[in-house]
Amino acid sequence: MKKIWCVIPVYNNGATVADVARRCRAQMEQVLVVDDGSTDLPLGFYEMLEGMGVRYLIHGRNRGKGAAILTALAFLERCLLYTSDAADD
């Protein structure tokens, strides 16, 4: 059976991404955050994700939401994914 992952592409959503990741983790076993070059994530952000059982990948610079999703697809291979936006709008 294929695993289903929730993928959260993030670019400067430091105020909301932790809550979104927490809510996704409560609903799904597998959650992946792709940081697309954010500059506003709080100190200890990645350690916090690890503590919640959330995996993460990091782009060194902003490449766009599509690139973040493609990065997730390449990492997850043969999985189903659900995307969630960390934006507050």
Side-chain angles (χ1 to χ4, degrees):
M1 176 187 271
K2 293 182 180 184
K3 292 181 180 178
I4 300 174
W5 286 74
C6 176
V7 173
I8 308 169
V10 175
Y11 178 67
N12 289 343
N13 300 109
T16 59
V17 66
D19 185 51
V20 171
R22 190 174 296 108
R23 286 186 282 138
C24 285
R25 186 67 176 97
Q27 299 295 317
M28 303 182 81
E29 188 174 326
Q30 308 293 333
V31 178
L32 174 68
V33 169
V34 181
D35 174 9
D36 190 34
S38 296
T39 59
D40 72 337
L41 298 177
L43 188 63
F45 176 74
Y46 300 112
E47 292 81 3
M48 178 202 54
L49 291 179
E50 287 177 349
M52 292 190 304
V54 173
R55 306 273 312 257
Y56 62 89
L57 300 172
I58 304 168
H59 287 175
R61 63 177 176 80
N62 181 254
R63 295 170 35 199
K65 185 175 183 176
I69 292 172
L70 289 175
T71 295
L73 285 170
F75 176 76
L76 297 176
E77 290 184 23
R78 300 179 188 235
C79 292
L80 301 174
L81 68 101
Y82 164 83
T83 61
S84 179
D85 198 322
D88 195 17
D89 50 16

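Hydrophobic clustering (ILVMFWY, side-chain heavy atoms < 4.5 Å, transitive): Tyr11 and Leu57 are in distinct clusters.
Arg63 contributes atom CZ, which lies 4.5 Å from atom OG1 of Thr71 (distance to the nearest 0.5 angstrom). Rounded to the nearest 0.5 Å, atoms CZ (Arg22) and CG (Leu49) are 9.5 Å apart.
Among residue pairs with one or both ends in residues 27-44, those qualifying as side chain to side chain donor-acceptor pair (under 3.5 Å) are Asn12-Thr39, Asp35-Ser38, Asp35-Tyr46, Asp36-His59, Asp36-Asn62; sequence neighbours excluded.
Closest of all the heavy-atom pairs between Arg25 and Gly53 is NE-O, 3.6 Å. In plain terms, the two heavy atoms of Met52 and Ala21 that are nearest each other are CE-CB, 3.8 Å. Of all heavy-atom pairs between Gly14 and Pro42, the closest is O-CD, 4.2 Å.
Residues Val10 and Leu41 are in side-chain contact: their nearest non-hydrogen atoms beyond the backbone lie under 4.5 Å apart. Residues Asn13 and Ile8 are not in side-chain contact: their nearest non-hydrogen atoms beyond the backbone lie 4.5 Å or more apart.
Every side chain to side chain contact (heavy atoms under 4.5 Å, CB included) that Arg55 has, sequence neighbours left out, goes to Trp5, Leu32, Phe75.
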